[in-house]
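Each remark here refers to the structure printed beneath this line.
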Number of protein chains: 2
Amino acid sequence: MNKQNVPDVIVSRLPVYLRALQRLADAGETATSSQELGEKVGISAAQIRKDLSQFGEFGKQGTGYHIPFLIERLSQILHVDRIWDVAVVGMGDIGHAVARYNGFANRGFRVTHCFDADPAKIGKEIGGFIILDAKNLVEEVRKAEIKIAMLCVPATVAQDVADRLIEAGVRGILNYAPLKLIVPSTVRVQHIDPAIGMQRMTYYFD
Amino acid sequence: MNKQNVPDVIVSRLPVYLRALQRLADAGETATSSQELGEKVGISAAQIRKDLSQFGEFGKQGTGYHIPFLIERLSQILHVDRIWDVAVVGMGDIGHAVARYNGFANRGFRVTHCFDADPAKIGKEIGGFIILDAKNLVEEVRKAEIKIAMLCVPATVAQDVADRLIEAGVRGILNYAPLKLIVPSTVRVQHIDPAIGMQRMTYYFD
DNA sequence: TAGATTGTTAATCGATTAACAATC
DNA sequence: TAGATTGTTAATCGATTAACAATC
């Protein structure tokens, strides 16, 4: 029950379970089993039961799991039983796309602030937001109490911008810049790099 | 040496090493050690040496690794000592951004084909490409011998489109749709879902 | 009740780390 | 040579799987 004791590898699978459960719910299902869920996510039934058992007893012998209940509990565990405001920094193609991304709906996030340092972009509207001056990043992020940012700036300035985000109180960074950020242990970083994903596939090609 | 025997977890780290080495090379460095590289990528020196030893002996005792040589060898191992043509399917915001993404330069990939099913988009230009009709997907992908696709279509049609890509000879799919694709074991899939990345961070927040 | 499926334990499997001889 | 760092082995650590009593 003490989250300090739950291995990262287990935590990393919970959002995958939640996503699959929400798809089942959308399809009108109300019950599932570790067996069925395992097939949906490509993970063994035993592992799903073991993972969930870290957090409580959510199922019933004989009948499995009640989908709405399990969604509720996983949402609480992952702290997405609320909406987190998110800042996007860097309004190039990627920043533009993630700011307008509609895949966050019902998953706990909404973009509320967009920043760029380019005077040609500042003040322009994008997906309903006015692009803010990156000069005011620390002030604005702190004022809005934003804890999560998506970093879409060029690699050359990514570490600098990350430092300022952390200074402003950000505790999680989704990093689209192709380098590893150095951050205090209190800050979480998730890296998204499509070229890395591609190279993990070409290894297996002839 | 037999790639069947190299665990996926090791393969998945090689692109990270390669990216860090290319950054060091860009900075003018010609030599490094497992110690220094480990600090750059956040992995222990022992693990880096163990990982590399799966593929050969690339370093020298006392002096470490010659960066250009290690880049060359890792590029060969990952099969990015060539340029792979890539198809982007689905020209929404994400497809638009990845088609124009300049982060593939020097990393083994270039986008050569863009598809969409929307008559309003077909024929339009985007980042130097004319958007092709998704109706001709199988034919065009097969003709161009494309082996890698980035899937940027809505979740509702993602599995269908993936099936057609595989039919056309695609062997690797970078999947931006928020669901797990079911594919034959000969096909590799890498998933990119920003909401999953965010939920992996909020777990640790109060 | 009979069948199904959980939560958990023990066994297995695999990955990481520590240590060091080899050698540049 | 002396210092540094590799590649590799053995030890440790952690994650996954298999099995099953509990029970709905």
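The figures that follow rest on heavy atoms only: side chains count, while hydrogens, waters and symmetry mates do not. Proteins get letters first, then strands, A, B, ... in listed order; numbering begins at 1 in each.
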Distance in angstrom units between [X] [atom1] and [N] [atom2], rounded:
X	N	atom1	atom2	value
A/Leu52	C/dG7	CG	C1'	10 Å
A/Leu70	C/dT5	CG	P	16 Å
B/Phe55	D/dT8	CZ	P	13 Å
B/Phe58	D/dG7	CZ	P	8 Å
B/His66	D/dA4	NE2	P	22 Å
A/Asn5	D/dC13	CG	P	16 Å

> So with a 6.0 Å cut-off around CG of A/Asn106, is the heavy-atom count from everything else above 12?
Replying inline: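 Counting other residues, nucleotides and ligands, CG of A/Asn106 stays at 12 neighbours or fewer.
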> Counting only heavy atoms not in B/Asn136, do more than 12 sit closer than 6.0 Å to its CG atom?
Replying inline: yes
> Distance check: side-chain N/O of B/Tyr65 vs OP1/OP2 of D/dG7, anything under 4.0 Å?
Replying inline: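 So the side chain of B/Tyr65 is within the cut-off, an N or O lying under 4.0 Å from OP1 or OP2 of D/dG7.
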> Taking OP1 and OP2 of D/dT6, is either one under 4.0 Å from a side-chain nitrogen or oxygen of B/Ser34?
Replying inline: yes
>> Could you check whether A/Asp206 pairs with B/Lys147 (Lys NZ or Arg NE/NH1/NH2 to Asp/Glu carboxylate O, under 4.0 Å)?
In response: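 Salt bridge absent between A/Asp206 and B/Lys147.
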> Hey, is B/Glu140 close enough to B/Lys143 for a salt bridge, meaning N to O under 4.0 Å?
Replying inline: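 A salt bridge links B/Glu140 with B/Lys143.
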> If you write DNA chain D from 5' to 3' in dot-bracket form, with Watson-Crick or G-U pairs under 3.5 Å, [ ] for crossing pairs and | for pairs with another strand, what do you get?
Replying inline: ..||||||||||||||||||||||
>> Is it the case that the side chain of A/His66 and the backbone of A/Thr30 share a donor-acceptor pair, with hydrogens and angles ignored and the cut-off at 3.5 Å?
In response: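 At least one qualifying donor-acceptor pair exists.
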> Any side-chain donor-acceptor pair under 3.5 Å between A/Gln76 and A/Arg73?
Replying inline: yes
> Which parts of nucleotides 15-24 of chain C does protein reach within less than 4.0 Å, heavy atoms only, written one letter per nucleotide 5' to 3' as B for base, S for sugar-phosphate only and - for none?
Replying inline: SBBBB--BBB
>> So A/Arg19 and B/Pro178, do their side chains get closer than 4.5 Å, heavy atoms only?
In response: yes
>> In terms of relative ring orientation, are A/Tyr101 and A/Phe104 parallel, tilted or perpendicular, with 30° and 60° separating the classes?
In response: perpendicular
> Where do B/Lys180 and B/Asp193 land on the salt bridge (Lys or Arg N to Asp or Glu O under 4.0 Å) test, with the steps shown first?
Replying inline: CA-CA 11 Å; B/Lys180 186 184 161 58; B/Asp193 184 333; over 6 Å; no
